[in-house]
Number of protein chains: 2
Amino acid sequence: MLIRIDPASQAPLFEQVAASVRRALSDGELAKGHQLPPAREVATSLDINVHTVLRAYGLLRDEGLIELRRRRGAVVTGAADTRARLNTLAGELADEARRVGVDLDELTEIVKEKFA
Amino acid sequence: MLIRIDPASQAPLFEQVAASVRRALSDGELAKGHQLPPAREVATSLDINVHTVLRAYGLLRDEGLIELRRRRGAVVTGAADTRARLNTLAGELADEARRVGVDLDELTEIVKEKFA
DNA sequence: TTGTTTGTTCTAGTATAGTTAGAACAATGT
DNA sequence: ACATTGTTCTAACTATACTAGAACAAACAA
């Protein structure tokens with residue numbers, strides 16, 4: 001199953017679906033030209049609503065990762081962005097930093113240390 | 001003003017209040033034994049609801065950062081590790097950056113952008 | 001003791017986001 | 001023509017965040 005959901009996660013379902021695709025892209029599991037399963041199919045197989053999947057697909061389209069066409073479904077267009085996951089992680093890190101009250105200077109310091 | 005709110009932020013108010021305190025703690029602006037202003041006072045001064053402030057205080061208590069006692073208010077007890085997740089994320093980010101060949105300068109640039 | 005401060009608890013209302021549901025529609029490949 | 005698949009619309013439910021007001025309980029101070 002290409003797209004996975006973690007019921008325990010507090011992240012919105014549509015975000016999780018989008019994240020699954022992004023990760024598959026950055027992992028090379030999905031590449032330009034590949035097709036995503038139809039929204040209705042994903043929905044039933046994950047036991048979630050079609051609209052939720054379509055919202056995720058719309059998100060990915062807005063990010064330029066896929067193209068949506070009727071009857072043709074969702075096709076990977078954007079050269080598999082190898083940094084999709086990096087961006088996601090950076091976003092999460094920034095969110096968490098803000099949440100616990102760590103400022104930018106300290107945050108970059110932490111990242112620097114981990115990177116070394 | 002010890003506790004600050006960013007009205008533009010999409011983060012919940014109670015999280016922002018808690019983050020303010022955590023930041024003050026990690027900055028050394030607050031230390032063990034110090035007192036936080038009474039919830040009612042913070043509420044009126046920030047023009048938010050008392051319950052919102054008390055929720056933030058409760059959160060901090062659950063994290064073991066402060067103690068709450070009637071009449072005595074909120075007292076800083078200890079600085080638990082509120083950064084476990086931050087460290088984990090930073091580690092993953094650094095790993096991924098190395099994996100896709102992003103150097104430290106660029107990585108900090110990305111983080112900076114996300115943090116803004 | 002009496003009074004005041006401060007957290008605790010309760011009910012309740014509003015607003016918004018996420019999710020589900022169902023339906024009709026539009027393009028498009030077979 | 002037909003079936004598939006995204007598009008759009010309305011509607012409703014749920015959970016969370018926030019606000020509001022009130023009563024209560026502990027604890028310090030005068």
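It should be emphasised that the depicted structure is a prediction, and the values quoted were computed from it without experimental measurement. A note on names: the letters A, B, ... follow the listed sequences, proteins ahead of strands, and every chain is numbered from 1.
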B:E67 CD - D:dA27 P separation (whole Å): 12 Å

Which residues share a salt bridge (Lys or Arg N to Asp or Glu O under 4.0 Å) with B:E106, sequence neighbours left out: A:R83

At their closest point, which heavy atom of A:P37 faces which heavy atom of A:V42, and how far apart are they? CG-CG2, 3.5 Å

Contact list (N/O, under 3.5 angstrom) for nucleotides 14-16 of chain D vs protein:
none

Rounded to whole Å, please give me the gap between CD1 in B:I5 and P in D:dA17. 14 Å

Keeping B:T52 on the side-chain end and B:I48 on the backbone end, is there a donor-acceptor pair under 3.5 Å? no

I'd like to know if the side chain of B:S20 reaches the main chain of B:R4, judged simply by a donor and an acceptor atom lying under 3.5 Å from each other, with no hydrogens or angles considered. yes

Between C:dA15 atom C1' and B:I48 atom CD1, what is the distance in whole Å? 17 Å

Please state how far atom CG in B:N49 lies from atom P in D:dG21, giving the value in whole angstrom units. 9 Å

Is it true that, when you exclude B:D62 itself, more than 12 heavy atoms of the residues, nucleotides or ligands shown sit nearer than 6.0 Å to its CG? yes

What pairs with B:E29 under side-chain hydrogen bond (donor to acceptor under 3.5 Å, both in side chains), at least two apart in sequence or on another chain? none

Please name all residues satisfying salt bridge (Lys or Arg N to Asp or Glu O under 4.0 Å) with B:R69, sequence neighbours left out, ordered by chain then number. B:E67

Can you check the A:E15 CD to C:dA17 C1' distance for me, whole Å? 12 Å

Contact under 4.0 Å: A:T52 side-chain N or O vs C:dG18 OP1/OP2: no

B:D95: which residues meet the side-chain hydrogen bond (donor to acceptor under 3.5 Å, both in side chains) condition with it, sequence neighbours left out? B:R98

Close N/O contacts between protein and nucleotides 6-9 of chain D (under 3.5 Å):
from	atom 1	to	atom 2	distance (Å)
D:dG6	OP2	A:A39	N	3.2
D:dG6	N7	A:R40	NH1	2.8
D:dG6	O6	A:R40	NH2	3.0
D:dG6	N2	A:R70	NH1	2.9
D:dT7	OP1	A:R61	NH1	3.1

